[in-house]
Amino acid sequence: MSKLKMMLLLLAATVLVLSACGKEKDATGDDSDQEYELVKKGNLTFAMSGLYKPFNYEEGGKLMGFDVDIGNAISEKLGLEPNPVTNPFETILQGLIGVKYDAIIGSMAYTDERAKQANFTEPYYYSGGMIFVHKDNTDIQSADDLKGKKIGVVAQTTYDQPAQELSDNIQYYASDVVALKDLTIPGRLDAVITSDIVGFESIENGFELKEVGQPLWVEEACVVVRPENDALRAAIDEALAEIIEDGTYDEISQKWFNRNLLEVDLEGVEILK
């Protein structure tokens with residue numbers, strides 16, 4: 001065999017080895033790290049408050065809940081390891097922009113104002129903003145009755161501004177569940193505005209509360225990524241569509257709520273923007 005032929009064969013073999021290595025890197029998520037600008041190699045790091053039971057909360061030192069399961073399912077579709085972390089909700093957007101994590105999967109509702117700062121996927125569930133009072137309260141029959149009343153809300157949530165419009169007496173909390181618990185103690189609060197799902201779950205768990213009227217609006221909870229990371233946003237949207245199509249989403253939703261949180265009649269309902 002001539003030296004030239006031998007060199008050509010060696011070159012071809014080298015190309016094949018490099019190609020195989022490249023494919024192996026793809027399988028380990030290296031390409032994803034570059035394409036999605038991940039903060040931790042091979043992982044999807046997603047944030048939540050950890051204080052929003054049953055969507056996300058800590059138990060036995062472990063993060064649990066609907067949001068966590070959805071994040072895990074999305075990570076699997078992307079070929080990445082799930083890495084859920086916590087951050088106070090009032091600074092969770094700042095943490096995203098500051099590249100502390102790749103995404104927020106923490107029940108953040110879309111608003112036009114938030115969309116100026118970050119990139120939102122399609123909704124992964126719908127919920128309504130609702131007024132809750134103590135079960136024995138007869139003074140508050142509608143939103144109009146909240147004038148001057150002490151309303152509990154979590155700061156920087158979509159419930160904050162409507163509460164301010166209804167009353168000048170607002171008590172801020174880090175957790176909706178803590179606010180709802182305070183509502184059961186005479187003299188602490190007159191009302192809480194929060195998600196209908198969270199309020200109803202609290203009632204099922206023994207909180208002596210009741211809802212007032214119908215939801216004030218319906219909001220779209222989305223996954224949120226940095227504004228420049230559209231590749232990750234598109235990939236998460238595709239992963240969401242896949243888990244909805246293959247039944248994974250319904251299984252997770254049924255596990256936590258005994259219903260599908262995307263199957264909501266939105267006809268004639270105001271969607272929060």
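Taking all atoms of both residues into account, the shortest heavy-atom contact from V153 to A163 is CG1-CB, 3.8 Å. In this structure, C222 and Y110 approach most closely via the heavy-atom pair SG-CB, 4.1 Å. Nearest heavy atoms, A191 versus V133: CB-CG1, 4.0 Å. The heavy-atom pair separating G152 from L189 by the smallest distance is N-CD2, 3.9 Å. Contact record, Q156 with R114: O-NH2, 2.9 Å, taken as the closest heavy-atom pair. Residues Q117 and I97 approach most closely at O-CD1, 3.2 Å, considering heavy atoms.
A distance-only check finds no donor-acceptor pair linking the side chain of R226 to the backbone of G98 [under 3.5 Å]. A distance-only check finds no donor-acceptor pair linking the side chain of K53 to the backbone of D176 [under 3.5 Å]. A donor-acceptor contact shorter than 3.5 Å links the side chain of D145 to the backbone of S142. At least one donor-acceptor pair closer than 3.5 Å links the side chain of T121 to the backbone N or O of V223. Side-chain atoms of Q254 come within 3.5 Å of backbone N or O of R259 as a donor-acceptor pair. With hydrogens and angles ignored, the 3.5 Å screen pairs no side-chain donor or acceptor of N260 with any backbone N or O of S253.
Checked by atom type, the side-chain pair N83/Y101 shows no donor-acceptor distance below 3.5 Å. For the residue pair Y173 / D182, a side-chain donor-acceptor distance below 3.5 Å is found, with atom types taken as modelled. Side-chain N/O atoms of T45 and N43 include no donor and acceptor closer than 3.5 Å.
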Problem set entry | Intermediate values then yes/no, side chain to side chain donor-acceptor pair (under 3.5 Å), D160 and Q164 | CA-CA 6 Å; D160 188 351; Q164 292 183 45; 2.7 Å; yes
For this session: Using the side chain to side chain donor-acceptor pair (under 3.5 Å) rule, take E219 and T158 through it: C-alpha gap first, then chi angles, then the decisive distance, then the call.
Result: CA-CA 9 Å; E219 55 190 29; T158 50; 2.6 Å; yes
For this session: For F66 and F257, run ring-ring contact (aromatic ring centres under 6.0 Å, His included): C-alpha distance rounded to whole Å, both residues' side-chain angles, the deciding distance at 0.1 Å, then the answer.
Result: CA-CA 9 Å; F66 175 79; F257 305 106; 5.5 Å; yes
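With respect to the salt-bridge test (charged N to carboxylate O, under 4.0 angstrom), the residues D168 and K149 do not qualify. Using a 4.0 Å cut-off between charged side-chain N and carboxylate O, K273 and E220 make a salt bridge.
L44 is not listed as a side-chain neighbour of E81, based on a closest heavy-atom distance of 4.5 Å or more. Residues K181 and F207 are in side-chain contact: their nearest non-hydrogen atoms beyond the backbone lie under 4.5 Å apart. Under the 4.5 Å side-chain criterion, counting only non-hydrogen atoms from C-beta, F89 is not in contact with L51.
The local environment of CD in E245 is sparse, with at most 12 non-hydrogen atoms from other residues, nucleotides or ligands closer than 6.0 Å.
Looking at residues two or more places apart in sequence or on another chain, you find no side-chain hydrogen bond (donor to acceptor under 3.5 Å, both in side chains) involving N169. Scanning for salt bridge (charged side-chain N to carboxylate O under 4.0 Å, His left out) contacts around D250 gives an empty result, with sequence neighbours left out. For K100, the salt bridge (charged side-chain N to carboxylate O under 4.0 Å, His left out) test picks out no residue, with sequence neighbours left out. Evaluation of the salt bridge (charged side-chain N to carboxylate O under 4.0 Å, His left out) rule for K116 yields E113 as partners, not counting sequence neighbours. Remark: E165 engages no residue in a salt bridge (charged side-chain N to carboxylate O under 4.0 Å, His left out) (not counting sequence neighbours).
Residue pairs that meet the side chain to side chain donor-acceptor pair (under 3.5 Å) test with at least one member in residues 60-72, sequence neighbours left out, are N56-D67, D67-S107, D67-Y124, D69-K255, D69-W256.
One hydrophobic cluster holds both L266 and L262 under the rule that ILVMFWY side chains link at heavy-atom gaps under 4.5 Å.
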